[in-house]
Amino acid sequence: MSSSDNNRFQAIIAHAKEYGFVFPNSEIYDGLSAVYDYGPWGSELKKNIRDYWWKSMTQLHENIVGVDAAIFMHPTTWKASGHVDNFSDPMIDNKDSKKRYRVDHLLEAHAETLSPEAGEELLAAMDKLLAAEDFAGLKKLIDDNKIKCTVSGTANWTDIRQFNLMFKTEFGAVAAANEEDNIVYLRPETAQGIFVNFLNVQKTARMKVPFGIAQTGKAFRNEIVARQFIFRMREFEQMEMQFFVRPGTEGEWYKYWKDARLQWHLSLGLPAEKYRYHDHVKLAHYAKEACDIEFEFPIGFKEVEGIHSRGDYDLSQHQIYSRKKLQYFDNDIDETTGKPYGNYVPNVVETSIGLDRMFLLILSHAYDEETITKEDGTTDSRVVLHIPPRLAPIKLAILPLTKKDGLPEIARDIMKDCREEFYCFYEEKDAIGKRYRRMDAIGTPFCITVDHQTKEDNTVTIRYRDTMEQERLPISRVKDLVKEKIR
RNA sequence: GCGGAAGUAGCUCAGUUGGCAGAGCAUCAGUUUCCCAAACUGAAGGCCGCGGGUUCGAGCCCCGUUUUCCGCUCCA
């Protein structure tokens, strides 16, 4: 990251706070690390991005429907998904090399250097301590065996700490005798709420494979490193769609969604050269194919969305753990056999985009510090957010040129007429130029100004954010013009 | 987690050898303004990140702490 890019990123963060888009969480208490709040214009922008995604997925696809599953899920869900076992490992750091190890890996590696009997004995002791979550005992085991770091060659270890990906909380108002019985997790991904509802949705909405289930919602992950603003947060929002297909067709659907999702980004007017695919070479154990859609943020090319061909892994896992069938009966005729395809566990192609990352994408692409040359030759600067009009928090600012001579009344009437259709903003304070610049700073694409000519012929000037050009039009045209531009 | 730098008004910052807490912009109340932040008058705004120490006296020196930024480390 160059220093100018970094300055730009810092300027965007400062702008986001100053103009009511994103605030540090719990700021009066010195903040909570890697958690942020959305302010007045931020929450509008975020909602508009979410709505645009939701509409493009559900309203515009006859074979995709939505759900809104709870954040809490039965704890077994996360055993089935692999999150409990894969992401809750005790870790230990070597103080000299700063290298971090998983405790079990460290002990297993050491056991291999011992005689078979001694090795077995060590691993048995480890398993017992791991099961009991006896970290002090595990540390003693490492010390007693004089296990050294392969990098520094020393045995100068920190205490053992648990790395927990998932946030835990207690379910039920009354404490249980065994507190383990009461633990529920805050979901680390929204996808599982779709998988466990697969049959409910398929039956009640009478969906036929191939079909998709869309969902937006909060998810929670303990990240090892905070920082990077809203790019990496502990509480974040996902927009996911799981597309269920006939086994054997997942390859073509993966290609379809890989292309369709990039087209969605480009449909917002974002430049293709700022996007690239990153195909995964090393795949997770359940994935058949996977790629990221990356965007060139001020902090470099970063993942904003993932497309994964997940096979039948998730539904099969839930079948095993729930002992319920999660299968679909396909009545379509298989041309090779002349018979229906029959029962199967569908394969899944997932599209998963981070709403907060999309927000940062829009914000960082929109942010611009312009130098403009005025008519008299002097230069001036402005900070403007070129947010796509359909996503802008405020669509139209209605400004009386002065606050007397009946101009505010006319402006108020226009406001009254338009506010049901889209977000409007009225302001009569300060010089008109100042008001234009304030609207530029929060990305309002259109301003109309009521002046004395308005009283004579019912026309107003409309001023465009991106070009700063103005034109005159009848008041009666205003609402339709803005509606056309934000479609 | 380790190392470095920084925290002064809403924002951007100044603050002399340790001697009354400052400016511009923003805000508020007026005045003035017919189209691109900078017209005039006035007002308000501060636990100088937090806690301790040194000193007659600390925004400034010392110690601790916290937050942010930068680099390294980690990242399903």
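The chains referred to below are lettered A, B, ... by the order of the sequence lines, with proteins before strands, and numbering in each begins at 1.
Distance OG1/A/T444 to CZ/A/F446: 10.5 Å, rounded to 0.5 Å.
A ring-centre distance under 6.0 Å is found for A/F243 and A/W257. For A/Y38 and A/F359, the distance between ring centers is under 6.0 angstrom.
Below the 3.5 angstrom threshold, one finds no donor paired with an acceptor across the side chain of A/R435 and the base of B/C36. With hydrogens and angles ignored, a donor-acceptor pair closer than 3.5 Å exists between the side chain of A/R463 and the base of B/C36. A donor-acceptor contact under 3.5 Å is formed by the side chain of A/R221 with the base of B/A76.
Across every non-hydrogen atom of A/Y36 and A/P24, the tightest pair is CD2-CA, 3.7 Å.
Rounded to an integer number of Å, the gap from CD of A/E427 to C1' of B/C35 is 15 Å. Between the C1' atom of B/A38 and the CD1 atom of A/I432 lies a distance of 17 Å, rounded to the nearest Å. Taking atom OH on A/Y313 and atom C1' on B/A76, their separation rounds to 12 Å, with Å as the unit. Remark: P of B/A37 and CZ of A/R465 are 19 Å apart, rounded to the nearest angstrom.
A distance of about 15 Å separates the P atoms of B/C62 and B/U54, rounded to the whole Å. Here the separation of B/C56 from B/G24, taken at their C1' atoms, is 36 Å to the nearest Å.
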Distances for protein N/O vs nucleotides 66-69 of chain B N/O pairs under 3.5 angstrom?
{"unit_1": "B/C69", "atom_1": "O3'", "unit_2": "A/Q10", "atom_2": "NE2", "d": "3.3"}

Quick one: which protein N/O atoms are closer than 3.5 Å to N/O atoms of nucleotides 23-31 of chain B? Pair and distance per line, please.
{"unit_1": "B/A26", "atom_1": "OP1", "unit_2": "A/K434", "atom_2": "NZ", "d": "3.0"}

Intra- and inter-strand pairs of RNA chain B in dot-bracket (Watson-Crick or G-U wobble, both distances under 3.5 Å; | for another strand) = (((((((..((((.....[..)))).(((((.......))))).....(((((..]....))))))))))))....
